[in-house]
Amino acid sequence: EAGVAQSPRYKIIEKRQSVAFWCNPISGHATLYWYQQILGQGPKLLIQFQNNGVVDDSQLPKDRFSAERLKGVDSTLKIQPAKLEDSAVYLCASSIRLAGGNEQFFGPGTRLTVL
Amino acid sequence: AQSVTQPDIHITVSEGASLELRCNYSYGATPYLFWYVQSPGQGLQLLLKYFSGDTLVQGIKGFEAEFKRSQSSFNLRKPSVHWSDAAEYFCAVAPTSGTYKYIFGTGTRLKVLA
């Protein structure tokens, strides 16, 4: 079974530029998550989708971050414009459905450096 | 406020020695509890989880964890560490209803000496 796919793996941009990350979850997984992991910290949930609907986006900086999951499969996370403090690893995860007992499967992440 | 504390940022052990990684949480009720491992350049992989029942849970790669309600702790243990266990370990909690949103600790980086 293929795991969670993310691209690109690395991205370097200048501040105020825009950037987009792509995630393809495990086939059949209804729930998709985007996390931000700043160096030295644990992952922080940015947004959580159930199929193509948003379940939780309370920690998403909506003035600059946006995410969508059209057709309830793959997803994109965009930052526009980027700030220095956005430098982090962006992790995508999926689970079979929204339930506390379900394991979240993580992709390898996209490491973003903002100069 | 809900939080997860992993008091040890770095731990170094010799190969073959025992290991205990600490995790304490602050939560309104007993949450779901998880331990994940992250190797360099990799995503997180679930080691084990606790929902209810037996407070000693077994996971993959020879790891186990013990839930202690009175101490709000969920410590991870391994009797004999292998060099391949060098990685970063994260404790996480999630509520038992609602959005099941994970809250992660800051992680413990494990170094294994040959």
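Ranking B:Glu88, B:Gln38, B:Arg109, B:Gln42 against chain A, the residue ahead of the rest is B:Gln38, based on heavy-atom pairs under 4.5 Å. Comparing A:Lys44, A:Gln104, A:Gln48, A:Arg111 by how many heavy-atom pairs each has under 4.5 Å with chain B, the most go to A:Gln104.
Between B:Phe104 atom CZ and A:Leu91 atom CG the span is 8.5 Å, to the nearest 0.5 Å. Atom CG of B:Leu44 is separated from atom CZ of A:Phe105 by 12.5 Å, given to the nearest 0.5 angstrom. With rounding to the nearest 0.5 Å, the separation of CZ in A:Phe106 from OH in B:Tyr36 is 5.0 Å.
For A:Gln41, the part lying near chain B is the backbone, with the side chain staying farther off; criterion is any non-hydrogen pair under 4.5 Å. Neither the backbone nor the side chain of B:Gln45 comes within contact range of chain A; no heavy atoms are under 4.5 Å apart.
In terms of hydrophobic clustering, with Ile, Leu, Val, Met, Phe, Trp and Tyr side chains grouped at heavy-atom distances under 4.5 Å, A:Leu46 and B:Ile103 are assigned to different clusters. Side-chain heavy atoms closer than 4.5 Å link hydrophobic residues (I, L, V, M, F, W, Y) into clusters, and following such links, possibly through other members, connects B:Tyr89 to B:Tyr50. Linking ILVMFWY side-chain heavy atoms closer than 4.5 Å, directly or via other members, places B:Val37 and B:Phe90 in two distinct hydrophobic clusters. By the rule that hydrophobic residues join a cluster once side-chain heavy atoms approach within less than 4.5 Å of another member, B:Leu76 and B:Leu110 end up as members of one cluster. Note on A:Val19 and A:Leu84: same hydrophobic cluster, where clusters join Ile, Leu, Val, Met, Phe, Trp and Tyr whose side-chain heavy atoms are under 4.5 Å apart, directly or indirectly.
Every residue meeting the side-chain hydrogen bond (donor to acceptor under 3.5 Å, both in side chains) condition with A:Asp56, not counting sequence neighbours, appears here in chain and number order: A:Ser58.
Contact annotation: the side chain of B:Tyr102 never approaches that of A:Tyr33 to less than 4.5 Å [non-hydrogen atoms, C-beta and beyond].
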